[in-house]
Amino acid sequence: GAVVSQHPSRVICKSGTSVKIECRSLDFQATTMFWYRQFPKQSLMLMATSNEGSKATYEQGVEKDKFLINHASLTLSTLTVTSAHPEDSSFYICSAILGTINYGYTFGSGTRLTVV
Amino acid sequence: GESVGLHLPTLSVQEGDNSIINCAYSNSASDYFIWYKQESGKGPQFIIDIRSNMDKRQGQRVTVLLNKTVKHLSLQIAATQPGDSAVYFCAESQIQGAQKLVFGQGTRLTINP
């Protein structure tokens, strides 16, 4: 079945630094990728939708200059948390679809970000 | 619908009993719904889906019911097992258009031996 590989699984960074999270679709071309953030004991909150070769569409309240999303190829999307602060500590998860949702949404395994 | 920053409600059931997890959605334009299971520290795992042209769909030990009139989904798990302990989320989307998947609040299911 379709697989999305997300790296790193865990990362600890110092406050003020930037962190990049990668999501790769291993056996299909992901025309659209979604990025979510999940705080402890809460649901997944959609941050943005990215389509290959175009700018990401951010959800209301999500700072696009802080959470940089790049979807340069059909198999790779990256989320960069810039100038990270402790309140950015969260579980970040990507999801991908191939063309339409008829083939379903495939999720990465998530990245636990801790900013110290 | 859009998730809010509330802590997850919890459902406790005895092993072997049936579980029913409920979800309300808010977007009347949504026509595709999915139930996910999430274990600690992992991404969501697909359980079952349903389209708006159906009101019931069955899988192995799971059944999803959709009531479009009141915008309500439920997930029934038959003969719950210890491995069913997890957080369960409903999610909604539209088959056409942006296709973004929006998650509901979630319910933590705990199985008592």
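Letters A, B, ... are given to chains in the order of the sequence lines, protein chains preceding strands, and every chain is numbered from 1.
- Rounding to the nearest 0.5 angstrom, the gap separating the CD1 atom in Ile97(A) from the CD atom in Gln99(B) is 4.0 Å.
- Shown here is Gln60(B), whose CD atom has no more than 12 heavy atoms of other residues, nucleotides or ligands within 6.0 Å.
- Under the 4.5 Å side-chain heavy-atom criterion for Ile, Leu, Val, Met, Phe, Trp and Tyr, Met54(B) and Leu65(B) are members of distinct hydrophobic clusters.
- Using a 4.5 Å heavy-atom cutoff, the side chains of Phe89(B) and Leu44(A) are in contact.
- At distances below 3.5 Å, not a single donor-acceptor pair connects side-chain atoms of Ser43(A) with backbone N or O atoms of Gly106(B).
- Contact count versus chain B (heavy atoms, under 4.5 Å) is highest, among Gly110(A), Ser109(A), Gly108(A), for Ser109(A).
- Criterion: ILVMFWY side-chain heavy atoms under 4.5 Å apart, direct or through other members. Under it, Val62(A) and Tyr92(A) are part of a common hydrophobic cluster.
- The number of heavy-atom neighbours closer than 6.0 Å to NZ of Lys64(A), taken from other residues, nucleotides and ligands shown, is 12 or below.
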**OP:** Evaluate the criterion side chain to side chain contact (heavy atoms under 4.5 Å, CB included) for residue pair Tyr36(A) and Phe103(B); output intermediate values, then yes/no.
**Re:** CA-CA 10 Å; Tyr36(A) 294 85; Phe103(B) 282 76; 3.7 Å; yes

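- At a cut-off of 3.5 Å, with distance as the only test, a side-chain donor of Gln38(B) or Gln38(A) sits close to an acceptor on the other residue.
- A ring-centre distance under 6.0 Å is found for Tyr36(B) and Phe107(A).
- Met45(A) and Ile21(A) fall into different hydrophobic clusters, where Ile, Leu, Val, Met, Phe, Trp and Tyr side chains are chained together by heavy-atom contacts under 4.5 Å.
- Lys68(B) NZ: more than 12 foreign heavy atoms inside a 6.0 Å radius.
- Between the OG1 atom in Thr49(A) and the CG atom in Leu101(B) there is a gap of 10.0 Å [rounded to 0.5 Å].
- Of all heavy-atom pairs between Tyr105(A) and Ser93(B), the closest is OH-OG, 2.6 Å.
- Looking at heavy atoms from C-beta onward, Gln42(A) lies out of side-chain contact with Leu8(B) at the 4.5 angstrom threshold.
- Note on Trp35(A): it clusters hydrophobically with Leu113(A), by side-chain heavy-atom contacts below 4.5 Å among ILVMFWY residues.
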